[in-house]
Structures are given as C-alpha cells and as structure tokens.
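Data block below; observations after.
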Number of protein chains: 2
Amino acid sequence: MEIREILAHNLKTYRRAQGLSQEELAHRAGIDRTYISSLERCVYAAGIDVVDSLAKVLGVEASDLLKRPERGASRRRS
Amino acid sequence: MEIREILAHNLKTYRRAQGLSQEELAHRAGIDRTYISSLERCVYAAGIDVVDSLAKVLGVEASDLLKRPERGASRRRS
DNA sequence: ATGTGACTTTCAGTCCGTG
DNA sequence: ACACGGACTGAAAGTCACA
C-alpha cells in the first residue's frame with residue numbers, strides 16, 4: 001500500500017469522524033479546498049508541514065495520519 | 001517543536017542506530033547525499049514519499065519518523 | 001564524512017472554473 | 001459537498017563544486 005493511499009484513507013476517516021467537510025477542513029487548516037480533494041484521491045504526495053497542520057485541525061498527531069490502518073478489525077459487524 | 005525538527009531528529013537517531021552515514025543512507029534510498037544533509041538541518045519540509053523511502057531503508061514505519069521524541073527518557077546517565 | 005551556496009527542474013499547492 | 005480540469009507560482013527535489 002502506497003503512502004499516499006494511507007494518508008488519503010486516514011485523512012478521510014479522521015475528517016468524517018470530526019464531521020467536517022473537505023471545505024471546512026481546508027478552511028481551518030488554511031489550505032486550498034481543491035487540494036484536500038486531491039489528497040484524498042492520491043493525486044499528490046503532501047509535504048510533512050501540511051500533514052502537520054491537518055493533524056492539528058483533526059486533533060491527532062502528524063504520525064497518526066501516516067499510520068497504516070489496522071489489518072483485521074475494520075468492518076463493523078451488523 | 002516544529003515538524004521538520006522532529007523528522008530531522010528521528011532521521012539522525014535512526015540512521016545512527018543503523019550505523020549508517022548520510023552517504024550510505026542516501027545511496028540506499030536512491031536520494032542525493034546533500035539532500036539528506038539538508039533534511040537533518042531542517043532546510044526543507046520533506047514530502048511524504050521521501051519520508052516513506054527513508055523509512056523503508058531504516059527499517060521503520062513512515063509514521064515513526066514523524067513521532068515526537070519521548071519527553072523524559074533521552075539522556076543516558078553516565 | 002558532512003555543511004553549504006548556487007543552480008535547474010519538477011511538482012506541491014493556489015486560484016479560477018465546470019458538472 | 002465533492003470530483004475534476006487548466007493555468008499559474010513558489011518551494012521541494014535533485015545535482016555539483018568546494019570547504
């Protein structure tokens with residue numbers, strides 16, 4: 001799994017957990033709207049400083065955004 | 001503490017733990033020697049793909065390179 | 001074996017828009 | 001609220017010579 005994909009996944013997950021839209025997140029992090037969209041679609045390899053500012057808005061550590069998701073336990077059993 | 005400094009610190013620490021010179025690390029990661037030097041001196045905010053390739057050579061996760069160092073327990077008592 | 005300045009090229013990141 | 005495109009700018013990516 002590519003590092004961009006990991007970031008994209010975590011970004012999307014944490015963002016939704018906070019109930020934020022891409023626009024809201026972009027605004028609060030002082031980053032362009034369309035760039036967030038690009039990151040979640042793995043268009044760019046973000047710089048660590050934007051990872052850091054995104055992490056701050058999302059209330060997590062920068063390193064958390066680069067952690068590969070858990071192997072087994074993703075799906076919620078209905 | 002700035003994210004660049006964290007990366008610089010961890011990079012240096014892990015590199016030395018592996019007994020690698022900047023040149024060796026650079027060579028193995030397919031990156032220029034002087035660029036490693038720049039990163040360890042906080043000249044740039046590296047991209048996550050660079051962080052990832054460095055992490056692979058150092059045998060750690062990309063997220064480990066962005067983890068802020070432990071508060072207390074760094075200095076070894078002589 | 002590393003720091004640093006000067007340099008060129010690539011791409012991250014912005015800003016405008018559309019569907 | 002999001003995907004996606006074009007055009008642009010500045011910083012990162014990459015190279016070299018010298019201390």
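Since we're looking at a predicted model, the values are computed, not measured. The figures that follow rest on heavy atoms only: side chains count, while hydrogens, waters and symmetry mates do not. Each chain gets a letter, A, B and so on, in the order the sequences are listed, and its residues count up from 1.
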Over all strands shown, is Ile31(A) touching base, sugar-phosphate only, or nothing at heavy-atom distances under 4.0 angstrom?
sugar-phosphate
Between Arg15(B) and Glu24(B) (salt bridge meaning N to carboxylate O under 4.0 Å), is one present in this structure?
no
Just the rounded figure in Å: distance from C1' of dT2(C) to CD of Glu40(B).
9 Å
For residues 30-39 of chain B, which residue pairs qualify under salt bridge (Lys or Arg N to Asp or Glu O under 4.0 Å), counting only residues two or more places apart or in two chains?
none
In chain order, what residues pass the salt bridge (Lys or Arg N to Asp or Glu O under 4.0 Å) check against Glu5(B), with sequence neighbours excluded?
none
Can you list everything that forms a salt bridge (Lys or Arg N to Asp or Glu O under 4.0 Å) with Arg68(A)? Sequence neighbours excluded, please.
Glu61(B)
Contacts of Tyr44(A) that satisfy side chain to side chain contact (heavy atoms under 4.5 Å, CB included) - sequence neighbours left out:
Tyr35(A), Ser38(A), Leu39(A)
Grab the CD1-C1' distance between Ile3(B) and dA11(D) for me, whole Å please.
18 Å
Stem list, DNA chain C (Watson-Crick or G-U pairing under 3.5 Å, at least 3 consecutive pairs):
C:2-7 with D:14-19, C:9-19 with D:2-12
Which of residues 9-28 of chain B sit near DNA chain C, with a heavy atom under 4.0 Å from it?
Arg15(B), Ser21(B), Gln22(B), Glu23(B)
List in chain and number order the residues that pass salt bridge (Lys or Arg N to Asp or Glu O under 4.0 Å) with Lys56(A), two or more places apart in sequence or in another chain; answer none if no residue qualifies.
Asp52(A)
Listed by chain and number, what are the side chain to side chain contact (heavy atoms under 4.5 Å, CB included) partners of Ala45(B), not counting sequence neighbours?
Ile48(A), Asp49(A), Arg4(B)
Specify the separation, in whole Å, of atom CG of Leu39(A) and atom P of dC4(D).
14 Å
Just grab all the ring-ring contact (aromatic ring centres under 6.0 Å, His included) pairs involving residues 46-71 of chain A, residues at least two apart or on different chains.
none
Sugar-phosphate means primed atoms, P, OP1 and OP2; the rest is base. With that split, encode nucleotides 4-12 of chain C 5' to 3' as B, S or - using protein heavy atoms under 4.0 Å.
B-------B
Under the salt bridge (Lys or Arg N to Asp or Glu O under 4.0 Å) rule, collect the residues that match up with Glu2(A), sequence neighbours excluded.
none
Only counting residues at least two apart or in another chain, list the ones meeting side chain to side chain contact (heavy atoms under 4.5 Å, CB included) with Thr13(B).
His9(B)
